[in-house]
A.B. asks: 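I have a structure I would like to understand better, so I am pasting it below and will then ask my questions one at a time.
Just the heavy atoms: all of them, side chains too, but no hydrogens, waters or symmetry mates, feed the values below. Treat the numbers as computed from the prediction; the structure is a model and nothing was measured. By convention in this document, chain letters (A, B, ...) are assigned in the order of the sequence lines, proteins followed by strands, and residues within each chain are numbered from 1.
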Amino acid sequence: MELLGKILVRKLDEFQLKGKIVETEAYYGKEDPASRARKGKLPHCELMWSDPGKAFIYMVHGNWLLNVVAFPRGIPGAVLIRAIEPLEGIELMMKNRKSKDIKNLTNGPGKLTQALKITNKLNGIDLTSKQSELRIETNIAQEKIEIERSFRINVSQDMKEPLRFYIKNNPFVSKIF
DNA sequence: AGGAAGATCTACT
DNA sequence: GTAGATCTTCCTA
């Protein structure tokens with residue numbers, strides 16, 4: 001996806017936490033049996049019908065999952081950020097996660113939200129605005145990345161096509177086939 | 001009001 | 001690798 005390789009920036013009081021997006025999954029609306037939007041316009045996921053570039057944060061199994069709305073208004077769909085590679089503020093992430101293993105900080109959807117202190121307070125925030133507490137920056141020195149794709153992980157009913165994208169040979173992706 | 005499900009994580013064998 | 005914990009929202013009575 002286009003999000004791969006971009007930088008996720010979480011702004012706290014005096015600090016900034018940064019991480020490179022290394023793993024994503026696509027979710028659609030009613031076409032997708034795994035999507036929460038499949039049953040119709042549920043109140044809490046109305047953001048999927050909203051404008052692209054907004055954060056859609058969803059709680060499941062006691063974990064916050066971070067999504068980015070990916071389609072124009074009117075079309076439901078979002079991209080789940082599964083894993084990032086910590087770049088800045090790593091010590092604070094370790095503190096948030098109570099772990100000192102860097103590879104264990106953000107290599108999963110629920111883990112990265114803990115490390116970055118992402119909660120439903122940030123639901124619906126504009127990820128493209130400079131003032132947002134949470135935003136996505138384009139990687140200036142965009143290195144060459146190889147994108148690999150596979151089927152989604154831990155989804156009870158997956159679709160027929162692979163909807164998971166990740167950066168090849170990156171140690172921070174949650175699972176490699 | 002109560003119960004079930006869900007895009008997960010951790011700990012233990 | 002498998003089981004259990006965990007929490008919020010939605011569905012049904």
Side-chain angles (χ1 to χ4, degrees), chain A residues 1-4 6 8 10 17 19-71 75-86 90 92-125 127 134 136 147-167 170-177:
Chain A
M1 274 246 98
E2 292 162 18
L3 283 172
L4 282 177
K6 295 204 175 180
L8 184 69
R10 171 75 166 107
L17 304 179
K20 184 164 69 177
I21 300 171
V22 297
E23 186 179 357
T24 64
E25 281 179 10
Y27 285 87
Y28 299 108
K30 41 187 180 207
E31 307 276 311
D32 189 346
S35 169
R36 286 268 152 147
R38 87 193 114 116
K39 284 179 183 160
K41 221 173 190 175
L42 269 31
H44 70 279
C45 50
E46 242 185 72
L47 278 164
M48 278 183 113
W49 278 261
S50 176
D51 301 306
K54 287 191 174 176
F56 168 47
I57 296 167
Y58 190 78
M59 159 68 77
V60 96
H61 290 75
N63 295 278
W64 298 105
L65 311 189
L66 174 61
N67 297 251
V68 181
V69 180
F71 293 98
I75 305 176
V79 176
L80 166 70
I81 301 190
R82 282 195 62 85
I84 64 175
E85 172 186 340
I90 293 174
L92 190 51
M93 293 188 200
M94 288 178 176
K95 211 171 126 196
N96 293 340
R97 291 269 304 123
K98 300 194 170 98
S99 162
K100 66 175 189 139
D101 181 4
I102 186 169
K103 282 198 300 234
N104 198 32
L105 288 178
T106 54
N107 63 335
K111 296 181 192 173
L112 81 87
T113 52
Q114 284 175 36
L116 298 193
K117 281 190 154 54
I118 292 172
T119 70
N120 58 345
K121 276 198 322 199
L122 301 175
N123 199 17
I125 202 170
L127 292 170
L134 187 67
I136 288 176
I147 295 180
E148 196 81 9
R149 63 188 296 180
S150 76
F151 290 97
R152 293 182 292 190
I153 295 179
N154 284 314
V155 178
S156 47
Q157 293 184 54
D158 207 346
M159 307 235 301
K160 287 173 193 155
E161 49 181 328
L163 287 174
R164 173 174 175 252
F165 303 85
Y166 58 95
I167 297 180
N170 189 296
F172 295 95
V173 302
S174 55
K175 174 107 180 154
I176 304 173
F177 289 108

A.B. asks: What is the distance from CG of A:Asn123 to C1' of C:dT9, rounded to the nearest Å?
C.D. replies: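 Distance check: A:Asn123 CG to C:dT9 C1' gives 13 Å.
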
A.B. asks: Which residues satisfy the side-chain contact (heavy atoms from CB on, under 4.5 Å) test with A:Pro162, sequence neighbours excluded?
C.D. replies: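 Once residues adjacent in sequence are excluded, the partners of A:Pro162 under the side-chain contact (heavy atoms from CB on, under 4.5 Å) criterion are A:Arg149, A:Phe151.
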
A.B. asks: May I have the distance from A:His61 (atom NE2) to B:dA11 (atom C1'), rounded to whole angstrom?
C.D. replies: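 One finds 17 Å between C1' of B:dA11 and NE2 of A:His61, rounded.
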
A.B. asks: Nearest of B:dA7, B:dG6, B:dC9 to any side-chain atom of A:Leu65?
C.D. replies: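 That would be B:dA7.
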
A.B. asks: Can you check whether A:Glu148 reaches A:Ile167 side chain to side chain, under 4.5 Å on heavy atoms?
C.D. replies: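 They are not in contact (no side-chain heavy atoms under 4.5 Å apart), so the answer is no.
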
A.B. asks: Just checking, A:Arg152 and A:Tyr27: is the charged tip under 6.0 Å from the six-membered ring centre and within 45° of the axis?
C.D. replies: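 Output yes; distance and angle both within limits.
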
A.B. asks: Checking A:Lys103 now: which residues fulfil side-chain contact (heavy atoms from CB on, under 4.5 Å) with it, not counting sequence neighbours?
C.D. replies: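 Partners of A:Lys103 by the side-chain contact (heavy atoms from CB on, under 4.5 Å) criterion, ordered by chain and then number, come out as A:Asp101, A:Pro171, A:Phe172.
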
A.B. asks: Does B:dA7 have OP1 or OP2 sitting under 4.0 Å from an N or O in the side chain of A:Asn154?
C.D. replies: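 No, outside the criterion.
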
A.B. asks: What nucleic acid atoms does A:Asn67 come within less than 4.0 Å of, heavy atoms only: base, sugar-phosphate, or nothing?
C.D. replies: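 Since a base atom lies under 4.0 Å of A:Asn67, the category is base.
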
A.B. asks: Give the rounded distance in Å between these two atoms: CH2 of A:Trp64 and P of C:dT6.
C.D. replies: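 Distance, rounded to whole Å: 17 Å.
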
A.B. asks: Only stems of 3 or more consecutive Watson-Crick or G-U pairs count here, both distances under 3.5 Å; name the ones for DNA chain B, or none.
C.D. replies: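 The stems that DNA chain B takes part in, listed by first number, are B:1-6 with C:7-12, B:8-12 with C:1-5.
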
A.B. asks: Return the nearest nucleotide to the side chain of A:Asn63; candidates are B:dA7, B:dT10, B:dT8.
C.D. replies: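 The answer is B:dT8, which lies nearest to the side chain.
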
A.B. asks: Counting side-chain heavy atoms from CB outward, which of B:dA7, B:dG6, B:dC9 is closest to A:Tyr27?
C.D. replies: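 For the A:Tyr27 side chain, the nearest candidate turns out to be B:dA7.
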
A.B. asks: Take A:Thr106 and A:Glu85 through the side chain to side chain donor-acceptor pair (under 3.5 Å) test and state the conclusion after the steps.
C.D. replies: CA-CA 7 Å; A:Thr106 54; A:Glu85 172 186 340; over 6 Å; no

A.B. asks: Hey, does the side chain of A:Arg97 come within less than 4.0 Å of B:dC9's phosphate (OP1/OP2), counting only N and O?
C.D. replies: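 Answer is no, no contact under 4.0 Å.
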
A.B. asks: Rounded to whole Å, please give me the gap between CZ in A:Arg82 and C1' in B:dA7.
C.D. replies: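 Value for this atom pair: 8 Å.
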
A.B. asks: Do A:Val79 and A:Glu25 touch side chain to side chain, with heavy atoms closer than 4.5 Å?
C.D. replies: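 A:Val79 does not reach A:Glu25 side chain to side chain.
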
A.B. asks: Measure from the side chain of A:Met59, starting at C-beta and using heavy atoms only, and say which of C:dC7, B:dA7, B:dC9 lies closest.
C.D. replies: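 The nucleotide sitting nearest to the side chain is C:dC7.
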
